[in-house]
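A quick note: this is a predicted structure, and the numbers were derived from the prediction, not measured. Throughout, protein chains are lettered first and strands after them, A, B, ... in sequence-line order, and every chain is numbered starting at 1.
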Number of protein chains: 2
Amino acid sequence: MDERDSAADKRETRRRGTQLEAAIFQATWEELEETGYNRLTMENVAARANTSKPVLYRRFSGKGELVLAAIRSRVPTPEEEIPNTGELRADLLAVMENMNRNLKRIGPKTLHGLMVDLGDRSLTDMLFPSGRSHHTVQTILRRAEERGEVELGRLPLRILALPADLMRHEILMSYEPVSDEAIREIVDEIVLPLIRIHMAERT
Amino acid sequence: MDERDSAADKRETRRRGTQLEAAIFQATWEELEETGYNRLTMENVAARANTSKPVLYRRFSGKGELVLAAIRSRVPTPEEEIPNTGELRADLLAVMENMNRNLKRIGPKTLHGLMVDLGDRSLTDMLFPSGRSHHTVQTILRRAEERGEVELGRLPLRILALPADLMRHEILMSYEPVSDEAIREIVDEIVLPLIRIHMAERT
DNA sequence: GGGTATAAGATACTATAAGTTTCTTATTTG
DNA sequence: CAAATAAGAAACTTATAGTATCTTATACCC
């Protein structure tokens with residue numbers, strides 16, 4: 001055996017399918033964390049995954065698709081983590097904290113980069129679809145209603161969407177993780193007051 | 001004279017300073033409208049302005065700075081158009097319509113592109129600083145109070161910021177101009193109800 | 001008004017990255 | 001075991017950023 005195995009583990013095997021894909025996603029995350037979306041290159045991802053560009057391009061049409069797929073392989077959807085603490089306010093806080101955590105992992109620059117490269121599909125349709133956040137908030141409210149905590153008619157969609165909308169706005173605009181304080185403000189000064197208005201109307 | 005003046009007006013003069021800058025901004029806008037931020041190149045802007053890349057790079061460090069400057073040369077700041085219709089609701093609608101018009105001129109892809117290339121300076125600090133939108137809404141509210149239309153204590157900053165925040169969110173996420181219907185919903189279902197709560201507290 | 005400093009504009013160059021093509025060969029599948 | 005599939009290497013084309021060099025028109029100063 002004359003192949004130089006000095007430092008790196010020069011692979012003898014040739015990966016395929018799921019295994020290869022997992023290595024690609026892993027490499028993509030690492031590149032994303034080290035250099036950020038802008039400076040992530042297909043070349044570097046390929047190198048880090050010990051593969052080559054054509055392998056990437058056979059699966060993904062470009063950087064945007066690659067990164068989006070990598071994110072979707074790791075970040076849970078809203079449905080996968082609907083909080084259920086037994087109290088409406090705590091649930092609302094938890095919804096926003098979950099979202100904050102997930103968006104923070106991705107980072108605002110990557111989000112903007114995806115919007116540039118893929119258009120609104122990336123955020124609206126795929127990562128944080130508003131429909132799903134409606135659904136999540138609606139579930140929380142329904143449970144609160146079942147507990148007798150609140151009693152309300154149909155809330156406007158705008159209001160159901162508000163927690164997620166304001167969270168997205170914070171992340172996209174501030175380039176900073178959203179503070180717990182900010183989350184509390186949004187819940188206590190905006191969302192809960194609006195919900196209470198609709199309770200009052202019912203009574 | 002052997003220079004070919006067949007079709008184009010080959011300039012004999014050499015522009016400088018403000019005049020040249022105006023031509024550069026004009027060319028930047030046209031490129032922006034025709035090809036969008038992504039595919040706008042320094043080369044093409046230079047060509048359209050009948051100048052050359054070094055001239056651009058002497059003034060602007062790159063695409064982001066160039067486009068930001070071009071935008072700032074044309075888009076009014078919030079203070080320059082504080083509405084004053086004599087009615088609070090109409091003023092609020094007008095604030096949002098102004099913002100919609102301005103952001104629509106720029107286009108969401110350009111906004112995201114600027115965020116990628118310049119970081120949060122571009123939107124937060126320079127184009128639509130939240131401080132200024134607070135100020136605008138506060139002015140509107142103060143006038144309404146002076147007219148005796150409402151009477152309120154100090155509103156939380158979050159609420160003052162809400163019209164602009166929700167507008168930015170719509171534009172950044174939807175890739176579509178925001179409909180008048182959506183603007184009305186935001187004012188009637190979110191902003192005005194929250195303001196009324198704080199009126200009630202005062203009474 | 002004539003001489004000097006400044007900066008416009010042309011051209012050419014380097015470097016980086018996207019995306020493609022071609023080819024060899026390991027691995028899967030039937 | 002044979003044939004089909006796809007991995008991985010390498011080289012190539014093209015687009016664009018950003019820089020360097022040079023000539024000369026224009027502005028400014030004495």
Side-chain angles (χ1 to χ4, degrees), chain A residues 1-5 8-28 31-32 34-69 110 113-114 116-118, chain B residues 1-5 8-28 31-32 34-69 110 113-114 116-118:
Chain A
M1 21 184 92
D2 64 333
E3 62 265 34
R4 45 205 137 48
D5 54 344
D9 48 339
K10 200 68 185 171
R11 195 182 343 286
E12 274 318 299
T13 97
R14 193 179 271 188
R15 300 153 301 173
R16 294 198 168 201
T18 322
Q19 191 191 355
L20 177 56
E21 199 144 279
I24 291 172
F25 287 159
Q26 176 66 28
T28 304
E31 284 290 314
L32 217 45
E34 278 184 25
T35 72
Y37 185 83
N38 291 340
R39 291 189 305 175
L40 173 148
T41 68
M42 301 301 269
E43 188 101 33
N44 287 346
V45 170
R48 190 187 282 264
N50 291 305
T51 181
S52 61
K53 281 196 289 176
V55 173
L56 300 184
Y57 282 107
R58 271 174 214 136
R59 293 179 160 67
F60 310 102
S61 66
K63 187 156 117 172
E65 299 286 354
L66 168 65
V67 170
L68 183 59
T110 298
L114 286 174
V116 167
D117 288 349
L118 298 180
Chain B
M1 26 182 90
D2 64 334
E3 62 264 35
R4 45 205 138 45
D5 55 344
D9 48 338
K10 200 66 183 172
R11 197 182 342 288
E12 273 320 298
T13 97
R14 193 180 273 188
R15 300 153 300 172
R16 293 197 169 204
T18 322
Q19 192 192 354
L20 176 57
E21 200 145 277
I24 292 172
F25 288 158
Q26 176 65 29
T28 304
E31 284 291 313
L32 217 46
E34 277 184 26
T35 71
Y37 185 83
N38 290 340
R39 293 189 304 174
L40 174 147
T41 69
M42 301 300 269
E43 188 100 32
N44 287 346
V45 170
R48 189 186 283 265
N50 290 306
T51 181
S52 61
K53 281 198 289 178
V55 173
L56 300 184
Y57 281 107
R58 270 173 215 138
R59 293 178 161 67
F60 310 102
S61 67
K63 187 156 116 172
E65 299 287 353
L66 168 64
V67 170
L68 183 59
T110 298
L114 286 174
V116 166
D117 288 348
L118 299 179

* Side-chain donor or acceptor of A:Arg58 under 3.5 Å from a matching atom on the base of D:dA6? -> no

* Asked: Is there a donor-acceptor pair under 3.5 Å between the side chain of B:Lys63 and the backbone N or O of B:Leu40?
  ->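 The answer is yes, because a donor-acceptor pair under 3.5 Å joins these two groups.
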
Separation of atom [atom1] in [X] from atom [atom2] in [N], rounded to whole Å:
X	N	atom1	atom2	result
B:Arg59	C:dA7	CZ	P	9 Å
B:Tyr57	C:dA8	OH	C1'	17 Å
B:Arg48	C:dG9	CZ	C1'	19 Å
A:Asp117	C:dA18	CG	P	10 Å
A:Glu31	C:dA17	CD	P	11 Å
A:Phe60	C:dA18	CZ	P	15 Å

* **Shortest non-hydrogen contact from B:Phe25 toward B:Leu66** =>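 Closest heavy-atom pair between B:Phe25 and B:Leu66: CE2-O, 4.4 Å.
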
* Asked: Which pair of heavy atoms, one from B:Ala49 and one from B:Ala23, lies closest together, and at what distance?
  ->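 Nearest heavy atoms, B:Ala49 then B:Ala23: CB-O, 3.9 Å.
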
How many angstroms lie between atom [atom1] of [X] and atom [atom2] of [Y], to the nearest 0.5 angstrom?
X	Y	atom1	atom2	answer
B:Asn44	B:Lys53	CG	NZ	10.5 Å
A:Gln19	A:Ile24	CD	CD1	11.0 Å
A:Leu20	A:Arg58	CG	CZ	10.0 Å

* To do: Could you tell me whether the phosphate oxygens of D:dG8, OP1 or OP2, come under 4.0 Å of any side-chain nitrogen or oxygen in A:Arg15?
  => yes

* Asked: Mapping B:Leu20 and B:Arg16 onto DNA chain C by nearest heavy atom, which one lands closer to the 5' end?
  ->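 Result of the comparison: B:Arg16.
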
* Structure fact -> Protein-proximity profile, nucleotides 11-16 of chain D, B/S/- by nucleotide at the 4.0 Å heavy-atom cutoff, equals -----S

* So what does B:Thr51 hit on the nucleic acid, given a heavy-atom distance under 4.0 Å: a base, only sugar-phosphate, or nothing? ->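 Touches sugar-phosphate only.
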
